[in-house]
Structure formats: C-alpha cells, structure tokens
*Asks:* 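One structure, as structure tokens, below. Some questions next.
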Amino acid sequence: MNLQWSGRVLLVAWIVAGGILLLTLGTDPLQRTQEARVLVTAREMADGLGMDWLVPQMNGATRLQKPPLAYWLSATSFMVFGIKLWAGRLPMMLAAWATLGLTYAWANHLAGRRAGILAALSLLGTLFFFQFARQAETDTLAMPFVTGGIYFFWRALRLPTDQSIENAALVESSQQPLHAGLWHLAAASIGLAVLAKGGPAAYPIIFLLASVIIFRRYRSLWNFVKCGAPLTALAIALPWFILVWKIGQFRVLNTEIYNLSEGTGHPGWFYDYIPMLLVDTLPWTPFVFGAIIFGIRRWKRDPVMRGLIIAASSIFLPLFVIGQKQNHYLLTVMPILMILLAVTYERLLQQTTSFDARLTVFGLRLTALALVLAPMGMVLTTFYERDDLALVDFWPPVVILVITLYSLKRLLRGGLEQMGVFAAASLVLIALLQGVWSPRLETTSPARAVKILTDRFGPSSFAFYQTRPSLPLVFELGKDVPIIANQSQLQSMPELNDNTLLLYCPGRTLTADATPPASANNLMTLTIEDKVWQVFTMKKSSPSPVD
C-alpha cells in the first residue's frame, strides 16, 4: 500500500477517521466509574446555574478531585445536543481526533509524510486508543495537550529531524532564536493539560528539561522564559485553583495528590505497566516493543530516535515512580509510541536486508496469521457470553476474516513495504471489534437495568441503601440518587419509605454489617456491573416479588 498520499487525500482520510469514531460513539454502554464521574458531573452542570460550573457537583456532592475542563466541555455538549451518552462523549472523541492530526504532524516533521500516515493509522487501529477515544475520560482529553506540548517543545528547541540530520546547516542553526509562538503553544498546551487532568501536564515540562540537558539547548530554556510563555500556562491553569483555595477546599486536591503518589486504591509496582502495555498496543504489540529496543540501541548515533526515547521516558518514568498504577494512565504515551514505530519503519526501509528488517517482516506475517484466528474467537466468545448465536453475529467476523486473509496474502508475497496493508487491516479489525461486536456482548449494563426497572415500575424515585453508588446507574437514571447510610436515617425519611425504590448491593456496602431492613419488601434482583443488586421498598402495597 502506497502511503505517499496527497494533501487532499490526507484531509479526506482524517475526516473519515473522525467519522469512524463518531459513528461508534454511543455503541459502548456506560460501564466505567471513571467515565461516569465526568458524565454525572457534567449533567449536573448542564442542569444547574452559576457556581455549579465553578464548583462541580456529582450526585449532589462537591467534586473537586479533578480539574473541571472535561466537565465544562461535556456539559456544553449536553446543553447543545441534550443529555445523551454520545453527547457527553463527543468532546473527548474530538480530542482523540485532534490527537490523530498531531501524531501525523509530528511524525511527518520527523521523517516525512509516509511516517506521518503510518503513525496516525496505527494509533487509530490500536485496541486501547480506539476504546478510550470513544469514552468521556479525562485521560483522553489530556492526550492532545500532552502530545501537543511535547511536539511544540520539540519544534521550539529545534531538535533534530531526518532532514536536519542530512542538512548540517540546519543543525548549526538550531541554537538561533525561534519565533515565540511555538513556546506559547507549548505553554498553552501545558495549561490546558492541567485543566484537563492535572498531573499529565508535568510530562511536557519533564521533556523540556531533559532535552535541554541531553541536547545541550541551555539558551533555548532562557528563550522560553524570556518570551513570557510560562505566564501563558499560568493564565490558563491558575484561576480555577485560586478559586478552590479561596473557598477553602484546597485540601481536597492535596488528598488527591497524596492518594496518587502513595497508590491509595490502585497500588502496584513499576513492572505492572509491562503487561498492560502488551495488551494496550494490540495488534501492534511486537512492533512497538521492537521499536523501543531499536530506538534504545541507536541512542548515540540517531538523534531523532534519542529524542523520541526521551519523550516516551518523560511519561513512563513518572508513571513508574508514583504509587497509583492504572491502565488508562498509559493513554498519553500511545501517540509517541506510534511515532517511534513509524520512524523505526522508515529506518528499516533503508536497510531491508538487515536482521531487524527481516525480523519485522516475519513478525508482520505471523501477526497477520494470528489475526485470521480472531473471527473464530469472536464467534465462540459470543456463544459463551449469550448462550446463543444470531445471524447478525456473523457478519463482523466474516468481514474481518476476508480482510485479514487479503492482508496475509499481500504480506506473504511482499516485504516490509506492505506495512500499510497491515495497518489498514488492523484498523478495520479494531473498529469492528470495539465498535460493533463487543457492545453486543453487554447484557448487564446499567442502561439495560434502568430499562428493566422502568418497564416494571414506571417512573420512580430511587435511593441507594447502605451501598456505594453506581455512578453509571446514576447517569442512566437521569437524576441524582441519594444515599441512605443506615436504618435510622431511613426511618427519618418517610417520604422515601413510601415512594422510593431502594437499591442494595452486598458487594458494595458502606459497612461490613450492612443488611436490608427486616421489613423490606424485596421486589426483584438485577445484575449490574457484574454484581447482583436487590431492589426493595418499604411500601406495604408493593407488587409481588419477581426474580
């Protein structure tokens, strides 16, 4: 596949990529608590006025653990398109779409258009990116700002590219002052990354300091300060934190920072990220790890690879150090890894008879052969999860089988230049797998539970009884759901006893000795988020129990 596309074709391809993400935006049911936090908070902003936008509320409680940009964007989308799942996810999808453009621009700047296309194409066709690009998560929103911050610093520092390596005059001029616009773009990216997520804003700063030292760009650091770019970052990021401090809630942020550094809730070791990365980079896993090894081996003689290893390390090293270990933290490093892969590919094309190139071709063929087995796994998994198969379940596996067989045929006949064929095949596989097939397996989603409750009881009020709330369920219910912590509190709220369905989950209790009241009238049980929930009421004239 020829990856030397014209500018018009590139624009069309980028629009098509956005269309693929948009069309599958609402297919995945809301399951993750992290995503529900954003959506529930944004819904309350869209429904409220004034201080709700500055002091976010989540299910009736103040939510200051994360900065507010994700809430603001999703709330704005709700106000424009209505309170719908896809509308809340739309701003993050656009952020992921922008990341594809930045990934192309960065790889194109380093190694040419072919590398840019491959980097963006492989990123979109990665299991992890495609999943999170369609979810309302703060890491997704932070991704373009981290990528943009590091990229603009690379440009502002005049770090090497393939063209500059070939042209010694460009290298000699690398210390000359550059237009301040790039410094301010990098600083603005840092400020927006702070508002999007907080901690990831440190990654571009770490990259800047490490690059200044390793590439000896000491004067450039002074240019960054002298042009006033740090003030741009502060002007964007600081006002909201000043507000939090003014209302006396800064301790909430301090607690969040402590939990992050100490690993409260999600502790782990640095090597925990290795198996995570093995899964997250599928189906590009062997090539990503190969590119990392290739880049490390060429550290001394290849300044472009050195810069990319510095960029990846600027994210990996902080993740290794902090105590909290979560899969979605890796999202911000994915664009850099795909750029590293694309630049490595350009290097191997120049030495197709080398051991690395031959090993890559063998890996492409072997991976394509393994992908041929994916349709069989999809059919078996569908039958295992649902105990039946419908005719509609077969078309995604059949399409994937045809495309993977075609790509395998091309790879067996061709060499390394067929990488583009594999990239296109993997994109189709991931899009069908994540956007079409996987959502059909979800039979216990909160949305399905709400439909069952609505069909059974009609419009009702709800409360969680001695149970930590399910935020996905709160969003699907479309309203705040109060928490009743104990039986005495229940007795003090007679209007709840008579008119409210109480939700209780033994696996999510607030205390070890939590149990439903003896006088509870159990109505039914539901499976939500793989846990069994009891629905009961204190009303004596309740419907007869139904399982």
Side-chain angles (χ1 to χ4, degrees), residues 1-5 9-10 12-28 100 114 117-131 133-134 279-288 338 341-342 345 360-442:
M1 178 180 288
N2 183 10
L3 291 181
Q4 296 289 2
W5 298 343
V9 173
L10 280 173
V12 172
W14 188 50
I15 294 173
V16 169
I20 292 172
L21 293 174
L22 184 62
L23 288 174
T24 59
L25 192 57
T27 57
D28 286 337
L100 291 175
R114 182 171 53 197
I117 296 170
L118 181 60
L121 192 60
S122 58
L123 179 62
L124 182 59
T126 303
L127 182 71
F128 192 50
F129 178 88
F130 197 90
Q131 174 190 355
R134 300 173 302 113
V279 176
D280 294 346
T281 52
L282 285 172
W284 292 95
T285 303
F287 312 109
V288 168
M338 295 305 148
L341 183 151
Y345 174 65
T360 302
V361 173
F362 175 76
L364 281 171
R365 294 170 178 171
L366 192 63
T367 306
L369 181 61
L371 294 182
V372 173
L373 302 177
M376 182 183 298
M378 293 167 66
V379 172
L380 292 176
T381 302
T382 302
F383 183 77
Y384 175 80
E385 292 289 335
R386 298 210 318 257
D387 292 328
D388 71 333
L389 286 171
L391 188 61
V392 72
D393 294 321
F394 287 95
W395 79 262
V398 169
V399 172
I400 288 175
L401 180 62
V402 171
I403 292 175
T404 51
L405 285 175
Y406 172 76
S407 66
L408 179 61
K409 177 182 176 182
R410 292 285 298 270
L411 287 167
L412 290 175
R413 291 184 175 180
L416 198 60
E417 68 279 357
Q418 298 298 320
M419 177 78 87
V421 174
F422 177 80
S426 67
L427 172 57
V428 174
L429 185 152
I430 295 300
L432 289 176
L433 192 70
Q434 290 278 3
V436 178
W437 172 75
S438 179
R440 287 178 52 81
L441 299 182
E442 299 291 348

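Side-chain atoms are counted along with the backbone in the values below, which use heavy atoms only and exclude waters and symmetry mates.
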*Asks:* Rounded to the nearest 0.5 Å, what separation is found between the CG atom of L369 and the CG atom of L364?
*Replies:* 12.5 Å

*Asks:* Rounded to the nearest 0.5 Å, what's the gap from CZ on F362 to OG1 on T367? Could you check?
*Replies:* 9.0 Å

*Asks:* S426 side chain to A423 main-chain N or O, any donor-acceptor pair under 3.5 Å?
*Replies:* yes

*Asks:* For residues 395-404, please give each side-chain donor-acceptor pair under 3.5 Å, one per line with the distance, not counting sequence neighbours.
*Replies:*
unit_1 : atom_1 : unit_2 : atom_2 : d
T404   : OG1    : I400   : O      : 2.7
T404   : OG1    : L401   : O      : 3.0

*Asks:* Between M338 and L118, is the side-chain contact (heavy atoms from CB on, under 4.5 Å) condition met? List the steps.
*Replies:* CA-CA 8 Å; M338 295 305 148; L118 181 60; over 6 Å; no

*Asks:* Under the side-chain contact (heavy atoms from CB on, under 4.5 Å) criterion, do D393 and F383 qualify, and how do the steps go?
*Replies:* CA-CA 10 Å; D393 294 321; F383 183 77; over 6 Å; no

*Asks:* Mind checking the CG-CG spacing from L127 to D280? Nearest 0.5 Å is all I need.
*Replies:* 7.5 Å

*Asks:* Heavy atoms only: give me the nearest E417-Y345 pair and the separation to one decimal.
*Replies:* CA-OH, 3.4 Å

*Asks:* Step by step, would you call F129 with L100 a side-chain contact (heavy atoms from CB on, under 4.5 Å)?
*Replies:* CA-CA 10 Å; F129 178 88; L100 291 175; 3.9 Å; yes

*Asks:* I'd like to check I117 versus L10 (side-chain heavy atoms, cut-off strictly below 4.5 Å). Are they in contact?
*Replies:* yes

*Asks:* How far apart are the closest heavy atoms of I430 and G125, and which atoms are they?
*Replies:* CG1-O, 3.4 Å

*Asks:* Tell me, with the steps shown, if F287 and T281 meet side-chain contact (heavy atoms from CB on, under 4.5 Å).
*Replies:* CA-CA 9 Å; F287 312 109; T281 52; over 6 Å; no

*Asks:* Could you tell me whether F128 and W284 have their ring centroids closer than 6.0 angstrom?
*Replies:* no

*Asks:* Could you give the distance from CD (Q434) to OG1 (T126), rounded to the nearest 0.5 Å?
*Replies:* 11.0 Å

*Asks:* Do you know which two heavy atoms are closest between A424 and L121, and how far apart they sit?
*Replies:* N-CD2, 4.1 Å

*Asks:* Only one of L433, L124, L123 forms a side chain to side chain contact (heavy atoms under 4.5 Å, CB included) with F130, so which one is it?
*Replies:* L124

*Asks:* For a quick test of reading the model, state the closest non-hydrogen atom pair linking L411 to A368 and the distance between them.
*Replies:* CD1-CB, 3.5 Å

*Asks:* For D28, give me all partners under salt bridge (Lys or Arg N to Asp or Glu O under 4.0 Å), at least two apart in sequence or on another chain.
*Replies:* R134

*Asks:* With a 4.5 Å cut-off on side-chain heavy atoms, are P283 and L429 touching?
*Replies:* no

